[in-house]
Structure formats: C-alpha cells, structure tokens
Student: 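There's a structure below that I have some questions on.
All figures in this text were calculated on a predicted structure; none of them were measured in a lab.
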Amino acid sequence: MSTHSTVKLENRIWDENERLTQAELRALQLQRLRELIARVAHVPFYRDAFQLHDISPRTIHSLDDIRRLPFTTKADLRQHHPLGFLAVPRQQVARIHGSSGTTGKPTFVAYTAADLRLWSNLCARFLVAGGLRPEHTVHVAFGYGLFTGGFGLHYGIERVGAAVVPAASGNTRRQLDLIKDLDAEVLVCTPSYALTIADTARELGLDPRALPLKFAHFGGEPWTEDMRQQIEEELDLLAFNNYGLSEVIGPGVSGECVHRTGMHLQEDHFIVECLDPKTLEPVDEGEPGELVITTLTKEAMPLIRYRTRDIACLCREPCSCGRGTAKMSRVSGRSDDMLIIRGVNVFPSQIEEALLRVEGTTPHYLIEVERPGTLDQVVVKVEIRPELFSDRMDRMQGLRDRIAREIYTITGIRANVQLVEPRTIERFTGKAKRVIDRR
Ligand code: DLL
C-alpha cells in the first residue's frame with residue numbers, strides 16, 4: 001500500500017507579499033482602499049452612493065471608515081445587468097465569467113488582462129502553499145466555461161510552472177484513465193467529485209488508493225473535516241481547502257497552508273469583514289458571521305463590501321507558516337437560501353421560474369436534496385392543476401419532462417421531477433419552506 005497521506009509537505013511561500021505583517025497589511029489596505037474609491041467613483045452605483053454619503057479618497061481616514069461605504073449585493077449586480085459595474089472602458093475587458101443568479105440569467109464578472117494576471121497569481125499562492133511544485137502534473141476536473149473554477153485554477157497551475165491536464169467535468173471513467181496514464185500527482189475539483197472518482201474506481205475494480213494522486217485542492221462547495229478524512233482515506237492523498245466566489249474574482253480569495261488550520265485570506269488584495277448578517281455590525285473575532293469582501297486591486301469590476309452570504313469565522317493569530325494574513329474557517333452555512341448542488345449554485349427562485357414557464361403547474365413545490373452516495377440528488381415535487389392531473393401516463397410524463405428541461409435550462413442541474421396531486425404540498429402561513437436539505 002502506498003503512503004501518500006503521510007507525505008511531508010515542505011512549507012513554501014510563492015509571493016513575498018504573503019509575509020506582510022498585519023500592521024503592514026493594514027497600511028497597504030488603507031492606501032489601496034483610497035485608490036479604489038477614486039477608481040470606482042464613476043461607476044453609477046458607487047457614484048450615487050458616494051455623493052449621498054460624502055465619500056471620496058480624502059474622507060477615508062482609517063480602515064474603520066470602510067463602514068461608511070455602501071454594501072454591494074447580488075441584487076445590485078442584477079439590477080445593473082449585464083455590465084453596469086464595469087469600471088474600465090469595454091475595450092479593456094479581456095474575459096467575462098458568470099455565476100448563477102437568483103433568476104435564469106447569470107451575473108457577469110469581467111476581467112482586464114491585469115485582473116487575469118492577479119487571479120492566476122492568487123491561485124498560484126494557495127496552490128504552492130498546499131504543496132504544488134513545477135514538476136507536478138495536475139488533473140483539473142472543474143468545469144471550464146462561465147464557471148470560474150476551471151479557468152481560474154488552470155492558469156494558477158500554469159503560473160506555478162506545473163503541467164495541467166484540463167480534463168473538465170464529466171465522464172469519470174475517462175478521468176480515471178487520464179489520472180493513471182498521465183501520472184497526475186495532484187487533483188483539483190470539488191470535494192464531492194473526489195469521492196465520485198473513488199467510487200467509480202472501485203466499481204471498475206481499481207483500488208483508488210493505488211492512483212498516483214498525492215494531494216488535492218478542493219473548493220467550490222461546502223465540505224467538512226469528516227469529509228476530508230474520508231477523501232484522504234479513500235484516495236490516499238492530502239486534501240487542501242480553497243475558497244472563492246465569482247463576483248469577487250473566483251477561486252483565490254483564500255486557501256490553506258501546510259498546517260491546514262484555516263484558509264489564509266489574501267488580504268493585500270481583499271478587505272474581508274465578518275459581520276452579523278442581521279445587524280451588519282462586526283462580530284467578535286472567532287465568532288461566525290457573514291463575510292463581506294472589498295476587492296482592492298481589481299480593475300474591470302471592483303466591488304465594495306460585497307455581501308457573500310457565506311458564514312465563517314476569522315482568526316488573526318499569526319500562523320507558523322510565515323504568512324501574516326488572517327485565516328478564515330470553513331464556510332459553515334449561508335445567510336440566504338442558495339444551494340450548492342454538485343458544485344452548481346442554485347437558488348429556489350430559479351426552480352420557481354422554471355415552473356412558471358410550464359403551463360399546468362402551480363407555485364406549490366418542494367425541493368429535496370440528498371446525497372445517497374457521493375453525489376447530490378435533487379427531487380423537485382410539483383403540484384399540478386387539478387384539471388391537468390390525469391391518469392394518462394403519457395400526459396404526465398410529457399409534463400414532467402418539460403419541467404425537468406426548464407429546470408435544466410435555467411439552473412444547469414438535472415432534477416428528478418415528481419408530480420404530486422393538488423393540495424398535497426404543505427401550505428405555510430409565514431415564510432414558505434421550499435427546501436429540505438438532507439445532506
Ligand atoms: O465556486 C469559485 C471557486 C471555484 C472556488 C473553485 C474554489 C474552487 P461560485 O460558483 O461563484 O464560485 O460559487 C461561490 O461557492 O460563495 C461559497 O458559498 C461556495 N464555496 C466556494 N468555495 C468554497 C469552499 C466558485 N471551499 C460560492 N467551502 C461561495 C465552502 C465554498 N463553500
């Protein structure tokens with residue numbers, strides 16, 4: 001039996017800025033915050049808010065003044081769809097990614113060439129912190145497309161000088177062949193997909209522990225310490241956590257070092273606040289709160305105080321790896337109703353939108369999410385109109401297919417749609433409970 005999980009990783013730091021102390025970071029953040037305010041002053045959303053609250057680089061005296069700045073939410077991005085938050089001329093945009101919104105349309109995120117360089121550098125930082133070296137071959141099983149996972153990690157790996165296998169998502173058997181044939185030591189994907197890889201290997205009569213993988217960088221969805229242990233055990237590798245979100249940049253906001261005691265936030269490029277989601281006041285250090293992120297150095301679409309809705313804790317105690325940056329805990333939940341299903345962000349309102357497009361349905365539905373094995377499964381129970389409820393199998397089948405197709409078009413997930421008789425889904429007098437998450 002191989003012993004990858006006992007591999008000793010040497011602590012390496014990619015970029016000297018990672019060693020800045022908290023005091024140095026604070027000074028740099030203040031300077032960059034002022035520059036940012038000047039840069040976004042012509043973006044209509046910020047211009048109006050700045051005028052209202054008399055905000056300019058000169059009125060920002062300390063980092064505490066960030067609390068005078070407006071929040072930015074996903075709804076704000078939507079209202080300025082598609083690119084109303086652009087802070088540079090359109091000709092300077094080098095790439096556009098997108099993330100699922102609360103309705104069918106994605107929210108777009110634009111990058112200049114400098115933003116793309118920054119992004120790959122930020123990914124290189126956490127990859128190197130978690131053991132990546134130029135001699136490695138990395139298997140990337142994230143989707144390549146509007147989703148930021150594939151391209152973000154891809155260029156980060158190239159930046160380090162390692163070899164990338166852009167396997168993308170799907171066809172797990174083929175992925176296993178690639179990992180074996182190309183001797184990939186590093187795996188990059190969602191943590192749940194890693195378990196699918198292990199399952200599929202066993203189905204094929206292969207020992208997943210015998211794969212050449214030595215360590216892995218996982219992100220894009222919530223996972224637990226128990227799941228880390230399970231993955232490490234099943235695939236015999238060391239697993240590292242990294243976090244990010246499209247609106248802010250994609251992967252690269254934070255990632256673990258060799259100590260794996262929290263993810264180092266890249267504080268020279270982001271100011272991260274941890275706030276009570278109800279009062280929007282800062283929580284005490286170490287207490288859970290919603291992460292609110294200001295992008296200090298992005299050019300194309302900088303955001304001020306973006307409400308991530310992700311709940312986590314911050315820790316500012318120095319880490320023995322030599323990085324001066326604060327660390328965030330695992331994400332423990334969300335302050336909104338967004339679900340992450342097989343790495344895809346889904347809002348219940350998107351399912352509702354899909355139902356509205358299909359005649360014969362009612363707005364009464366229930367989303368049940370389970371993880372029977374390693375993969376998430378979604379059942380959408382939909383009440384249909386009494387006059388349409390029929391014994392004719394073909395009719396009901398047709399309706400079910402149409403609903404499933406609409407859900408797929410809007411969310412990108414394949415749901416198991418079940419039609420239920422009128423008035424069988426519970427009615428609510430207060431806030432409707434539309435989701436049962438059994439994972
Ligand atoms: O998932 C970016 C990403 C890709 C990060 C690959 C890491 C690796 P979005 O699709 O916009 O972007 O989804 C962002 O996913 O707000 C969190 O709720 C969740 N998320 C991302 N990473 C983690 C993680 C990418 N390590 C949303 N742990 C975020 C828990 C995570 N949740």
Student: Counting only N and O atoms by type, is there a donor-acceptor contact under 3.5 Å from the side chain of R68 to the main-chain atoms of I55?
Tutor: no
Student: Not counting sequence neighbours, which residues clear ring-ring contact (aromatic ring centres under 6.0 Å, His included) with F45? List them please.
Tutor: H80, F85
Student: List the steps, then state whether side chain to side chain donor-acceptor pair (under 3.5 Å) holds for T325 with H264.
Tutor: CA-CA 6 Å; T325 43; H264 284 277; 3.1 Å; yes
Student: Please list, one pair per line, the donor and acceptor atoms closer than 3.5 Å that link side chains of residues 193-201 to other protein atoms, with sequence neighbours excluded.
Tutor:
from : atom 1 : to   : atom 2 : distance (Å)
Y193 : OH     : T172 : OG1    : 2.8
T196 : OG1    : S192 : O      : 3.3
T196 : OG1    : T374 : OG1    : 3.2
D199 : OD1    : R202 : NH2    : 2.7
D199 : OD2    : T374 : OG1    : 3.4
T200 : OG1    : T196 : O      : 2.7

Student: Between Y155 and W119, does the ring centre distance come in under 6.0 Å?
Tutor: no
Student: Is L291 close to L314 at the side-chain level, that is, under 4.5 Å between some pair of heavy atoms?
Tutor: yes
Student: May I ask you to decide if R342's main-chain N or O and D376's side chain share a donor-acceptor pair within less than 3.5 Å?
Tutor: yes
Student: State whether the number of non-hydrogen atoms from other residues, nucleotides or ligands found under 6.0 Å of R173 atom CZ is greater than 12.
Tutor: no
Student: Under the 3.5 angstrom rule, does the side chain of E267 hit a backbone N or O of L25 as a donor-acceptor pair?
Tutor: no
Student: Can you tell if the side chain of F142 reaches within under 4.5 Å of the side chain of V188, non-hydrogen atoms only?
Tutor: yes
Student: Can you confirm whether R439 is buried at CZ, in the sense that more than 12 heavy atoms of other residues, nucleotides or ligands lie under 6.0 Å from that atom?
Tutor: yes
Student: Who passes ring-ring contact (aromatic ring centres under 6.0 Å, His included) against F151, sequence neighbours left out?
Tutor: H97, Y144
Student: Quick one: does E18's side chain have a donor or acceptor within less than 3.5 Å of a partner on D15's backbone?
Tutor: yes
